[in-house]
Amino acid sequence: MNNNSKVLALKYRPQNFDDLIGQEVVAETITNSIKANKVPNAYLFTGIRGIGKTTIARIVAKSLNCSNGINNKCKIKCENCDAITNSNHIDILEMDAASKTGVDDVRDLIEFSRYGPTSAKYKIFIIDEVHMLSKQAFNALLKTLEEPPEYLKFIFATTEIKKIPVTVVSRCQRFDLSRIKSSELFEFIKKIKDKENGKVSDEAIKLIVKISEGSVRDALSLLDRGLLSLEENTELDLKAAQKIFGYFDKSKLIDLFELILNGEENKVINIYRKIYDQGIEPKVFINDILELLYYFKNINSLTLESTNFSLNDEEFLKIKEISNGVDPQVLILFWQFAISSLEELDIVSNQNLSIEMFLIKLMHLSSMKLKKKFDFKFNETSSDNNVVKKEIENEIESNTKTINQIKNIAQEKKNKPDIETDIEAIDKSLINSFDELLNICIRKKEIKLKYELEKNVNLVKFERNRIEISFNDNIDKDFVKDLSSKLFEWTNERWIITFSKSKGEMSIKEKKKNKKEELINEVKNLKIYKNMMKQFPDAELLDVKLNKEED
């Protein structure tokens, strides 16, 4: 086949250790072991796709069998190296474990290994995706792998090292291949582009590096696709690359995030719909949101180079500027919502609608101030804390204002509304008992507080400015804080709320329940009830209502 007709991933496949990028340590270790004549029985290469596992396996086979020796590094061609390159050497057997997984295949391999090499120094078995072998196949291989003939070597490659039995791994010399660094991959793709006389901008190459995620094969395939998608003498710029690869502009996502913080619902939805029309997958979109949230949270501890070409100079500076006015707690909450929305996508049939609702939820989160953590003590309540809490509750209940999360500190202080000083105070003499406290809750429409007092609180002692209670497991975690805050608001005095080990009185709900049962039992003893049951034996008495005039 003409070399020019090959795809770039095959055309520029490394043929010796000098051609490799990003795996210098592995190359040096293997070269030194061959020079020292300390070649292991088996090599095991593991790592992600497209970083050179099978390529290194072939280079090792060449290095072991090169007629001109390891120092030649295949620069002077020999018959063995050429045959291995063309995958037609009689002593080098390449096997795909994905298609030959059974124990019978391994038995044939072992039977074949009994015969020495024909023309090379070593007979070498290269098994790709070795984790696909069955358990029985691995067991059949163990003995030969541990004590093979001197002329036999194994080279394994896998992307899932955990699926290989530890008994096999321990018999191999293991090499963990790392992802290719973005800077190295960028320079490599740039050289290939020049060799192919392709017109590709640096920004487009950075996008290719970003999408490939450290895989050389993926990067070359993307470059090949990009060059073939354009007409002759046309440059592949960033916008064209984004359209070809289905990758939207990162700056749009930053603008979207800024609008979320500002509560611009219509603009947010419109921008997302434009992004969706470009063909972006919902899961990819949320993962990009997660990546952006990471940058917003940690931008002050990052450099432009450490973002691995995910951001350009302008985007990096914009994120840094916006992040200075965003509460870190908001970003953490956004992260949690994004993770939960990823799980929702597997449930919802129309994932696009789920994403829109996810964005709306983020806007509602950013439109309210996060509750500050109070160092609350049961015997002490700060007036400042009460004012802040009341302000937060009013914002949540009314939900009429949108708090701009990207205001700087000076703007926040300047625009902070004046605190109302003429809060209506209740006559102090009206709260002298637990029942009076319940009545005040009704007057002030504090239904939640009244519910907790009636159902989950057992009164132990009630004194002026002091309440001693016990409670059950169902009580709200903010109950004491809310009660103390309201008491201070209503009386302008501090109240001490303490917990007691003694059980105290029954709760109001329990008292009402017992009273109801007593009344029902009393009625059941009346003659009128007994006469009615004779007429209607299937009837059941559910409730008794007292006549207030005759009570």
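Values below: every heavy atom of this structure, side chains too, minus hydrogens, waters and symmetry copies.
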Applied to residues 161-185, the ring pair (Phe, Tyr, Trp, His ring centres under 6.0 Å) test, sequence neighbours excluded, yields F45-F175
Beyond-backbone contact of [X] with [Y], side-chain heavy atoms, under 4.5 angstrom:
X    : Y    : answer
I269 : I360 : yes
N41  : L145 : no
E265 : L259 : no
V216 : Y12  : no
L64  : V39  : yes
K62  : Q15  : yes
I155 : L44  : no
E160 : E129 : no

Take atom [atom1] in [X]; do more than 12 heavy atoms of anything else shown fall under 6.0 Å from it?
X    : atom1 : answer
Y294 : OH    : no
E24  : CD    : yes
F245 : CZ    : yes
I90  : CD1   : no
E235 : CD    : yes

Mind listing the closest non-hydrogen atom pair of [X] and [Y] along with its distance?
X    : Y    : answer
S119 : D91  : N-OD2, 2.9 Å
S212 : L222 : N-CD1, 4.2 Å
L236 : G226 : CD2-CA, 4.0 Å

Check whether the ring centres of F334 and F296 lie less than 6.0 Å apart, and answer yes or no. no
Given side chain to side chain contact (heavy atoms under 4.5 Å, CB included), test E344 with M357 step by step and report yes or no. CA-CA 11 Å; E344 285 180 13; M357 291 305 297; over 6 Å; no
Salt bridge [X]-[Y], side-chain N to carboxylate O under 4.0 Å:
X    : Y    : result
K181 : E187 : no
K191 : E196 : no
D346 : K283 : yes
R107 : D105 : no
R13  : D19  : no

Sidechain-backbone polar pair: [X] side chain, [Y] backbone, donor-acceptor under 3.5 Å:
X    : Y    : answer
N65  : A120 : no
N37  : S33  : no
R171 : T167 : yes
N262 : E264 : no
D202 : I205 : no
E184 : I21  : no
S170 : V166 : yes
Q351 : L345 : yes
D224 : L8   : yes
R225 : I244 : yes

Would you tell me whether [X] and [Y] have side-chain atoms, one donor and one acceptor, within less than 3.5 Å of each other?
X    : Y    : answer
S201 : K206 : no
D128 : T54  : yes
Y272 : N352 : yes

Side chain to side chain contact (heavy atoms under 4.5 Å, CB included) between V348 and L353, intermediate numbers included: CA-CA 9 Å; V348 182; L353 300 182; 5.5 Å; no
Show, in sequence, the C-alpha distance, side-chain angles and deciding distance for L220 and V7, and conclude whether the side chain to side chain contact (heavy atoms under 4.5 Å, CB included) test is met. CA-CA 9 Å; L220 287 172; V7 296; over 6 Å; no
Carefully, step by step, assess Q336 and L333 under the rule side chain to side chain contact (heavy atoms under 4.5 Å, CB included). CA-CA 5 Å; Q336 293 172 339; L333 276 177; 3.6 Å; yes
For F337, which residues count as a ring-ring contact (aromatic ring centres under 6.0 Å, His included) partner, sequence neighbours excluded?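 ring-ring contact (aromatic ring centres under 6.0 Å, His included) list for F337, sorted by chain: empty.
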List the residues meeting ring-ring contact (aromatic ring centres under 6.0 Å, His included) with F154, not counting sequence neighbours, and say none if there are none. F125, F156
Looking at F112, does the NZ or CZ of K123 lie under 6.0 angstrom from its six-membered ring centre and within 45 degrees of the ring axis?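 Relative to the ring axis of F112, which defines the angle, K123 lies inside both limits.
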To the nearest 0.5 Å, tell me how far E291 CD sits from L293 CG.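 So the CD of E291 and the CG of L293 are separated by 10.5 Å.
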